[in-house]
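Each remark here refers to the structure printed beneath this line.
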Amino acid sequence: MSHYVVTGGAGFIGSQIVRALACAGARKIVVIDNLLTGHEANLEEVRARIDFQRADIRCYEEIAPLIRGAAVVFHEAAIPSVPRSIDDPVPSHEINIDGTFNVLRAAREGRAGRVVYAASSSAYGDTEVLPKVECMPPNPKSPYALQKLVGEYYCGVFAGVWGLQTVALRYFNVYGPRQDPSSPYSGVLSIFLRCAIERRAPVIFGDGEQSRDFTFVEDVAELNLKAASAKNVSGRMYNAGNGGRITLNQAWRLVQELEGISIAPEYGPPRAGDVRDSQADVTAAVRDLGHAPRFSFEEGMRRTLEWYRQQR
Ligand code: UD1
């Protein structure tokens, strides 16, 4: 295998893609990350196998030479939070939209083979029916959802107008080892697991009956590699989920069981921009990309909990 670039490669999902590439025998892996939300520690096991470049996708001149000639660019760099895009919309807009444009432009001008883009299920917003299918009209409810959708549209336009190969994967609430639980903008399961280990009650925004199709990070990385080599998919978008749906109340119950504790959650007001329910139809991803998620929610959570325990 040849030359790969992972933007956001020091992040939670990006670093998993880097490990998967290294495992598959990739010859050259360039990681682009500005370490705003990523950590070099996430790359510890593969440090000797990669070319780490501290660079910012907001700066075209910085990233263009790093992307030139890549076989595949996995574009994971983003500010990946709905509430952060509401509290502080400017960096979110600049990184998620302008940064994505820069990556696509650099890939096109540098004759990269393909861009696999981290899109978001938040683009669907609230749909009348579940599961959510790729043909449903998008209905973004937050700046973040809109920004990720614009990136997806840009992928389609770069494919259609300039012939750059692109595939967009709409991630459904990815969780797993290395997800950073330390910010108020962190993914809910990382916050739940940290609360459990520290014997604290989590705060659930709303009644806790909102649901998510939580997807284990190794399954997402695997799907990225499949999307990198699938035939006849350029310009398209696919759901990257499990096909299931778990409420926050159910998730906290499982966390308590796994940790052997009993702590009632606190409930707060619902969060602005929140989607109520999220569940992926994975038919197209299975058919066209060979998507085959391996981890049940319980198994994924066991592994994630184990990892957080070891970090302490
Ligand atoms: C998440 C991702 C986003 C991705 C999207 C679709 C994160 C940080 N964000 O957004 O990148 O594009 O899924 O896959 O992973 N909640 C609580 N208590 C908390 C934190 C959150 O009740 O302490 C609730 C939220 O209000 C929400 C749910 O948990 O209802 C999930 O929130 P979050 O983990 O932030 O993810 P999404 O907003 O769904």
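First listed ligand is number 1; within each ligand, the first listed atom is number 1. For the numbers below, each heavy atom of this structure counts, side chains included, while hydrogens, waters and symmetry mates do not. Keep in mind the model is a prediction, meaning the values are calculated, not measured.
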| note | Here the atoms of ligand 1 under 4.0 Å from any heavy atom belonging to Q210 are 30 (O)
| Nitrogen or oxygen of V188 less than 3.5 angstrom from that of ligand 1 | yes
| said: What I want to check is whether the side chains of S15 and R19 have a donor and an acceptor closer together than 3.5 Å. | reply: yes
| For ligand 1, the portion of V203 having any non-hydrogen atom under 4.0 Å away | backbone
| said: Contact between ligand 1 and S121 is defined here as a heavy atom of the residue under 4.0 Å from a ligand atom; is it met? | reply: yes
| field | Within reach of ligand 1, part of S81 (heavy-atom separation under 4.0 Å) | value | neither
| query | Of all the atoms in ligand 1, which lie at a distance below 4.0 Å from a heavy atom belonging to V82? | reply | 38 (O)
| With atoms numbered from 1 as shown, which atoms in ligand 1 lie under 4.0 angstrom from a non-hydrogen atom of S120? | 4 (C), 5 (C), 6 (C), 12 (O)
| field | F172: numbered ligand 1 atoms lying under 4.0 Å from its heavy atoms | value | 14 (O)
| Is the number of heavy atoms from other residues, nucleotides or ligands within 6.0 Å of CZ (R111) greater than 12? | no
| note | Taking only non-hydrogen atoms of L248 and a 4.0 Å limit, the atoms of ligand 1 in range are 22 (O), 24 (C), 28 (C), 29 (O)
| query | For ligand 1, which atoms have a heavy atom of Y185 less than 4.0 angstrom away? | reply | 8 (C)
| said: Below 4.0 Å from ligand 1: does a non-hydrogen atom of Y175 turn up there or not? | reply: no
| query | Between the side chains of E209 and N249, does any donor sit under 3.5 Å from an acceptor? | reply | yes
| task | Could you list the atoms of ligand 1 found under 4.0 angstrom from a heavy atom of P80? | result | 3 (C), 7 (C), 8 (C), 9 (N), 11 (O)
| Apart from V30 itself, what residues make up its hydrophobic cluster when side-chain heavy atoms of I, L, V, M, F, W and Y under 4.5 Å apart count as a link, directly or indirectly? | V5, I32, L36, I57, I63, L66, I67, V73, I79, I95, I97, F101, V103, L104, V115, L146, V150, Y154, V157, F158, V161, W162, L164
| request: Can you establish whether the number of heavy atoms outside E44 located under 6.0 Å from its atom CD is more than 12? | output: no
| Side-chain donor-acceptor pair present, S211, D277, cut-off under 3.5 Å | yes
| query | With respect to atom 14 (O) of ligand 1, which of N173, N249, T37 exhibits the smallest heavy-atom separation? | reply | N173
| Exam field: side chain H291 to backbone G241, donor-acceptor pair closer than 3.5 Å | yes
| task | Distance to 0.1 Å, residue and atom name: give those for the protein heavy atom nearest to atom 38 (O) of ligand 1. | result | R271 NH2, 2.9 Å
| remark: protein heavy-atom neighbour closest to atom 39 (O) of ligand 1 works out as R212 NE, 2.8 Å
| query | When the aromatic ring centroids of F297 and Y175 are compared, is their separation below 6.0 Å? | reply | yes
| query | Any ion pair linking E152 and K148 (charged N to carboxylate O, less than 4.0 Å)? | reply | no
| query | With a cut-off of under 6.0 Å to the ring centre and 45° to the axis, is R105 in cation-pi contact with Y60? | reply | yes
| R276 backbone acceptor or donor facing D126 side chain under 3.5 Å | yes
| field | Axial cation check for Y124 ring with R170, 6.0 Å and 45° limits | value | yes
| request: List every atom of ligand 1 that sits less than 4.0 Å from any heavy atom of Y171, numbering the atoms from 1 in the order shown and giving each element. | output: 6 (C), 14 (O)
| task | With heavy atoms under 4.0 Å as the rule, classify the contact between F205 and ligand 1 as side chain, backbone, both or neither. | result | both
| field | Y144 near ligand 1 by a heavy-atom separation under 4.0 Å | value | yes
| note | At under 4.0 Å between heavy atoms, what of D274 touches ligand 1? The answer is side chain
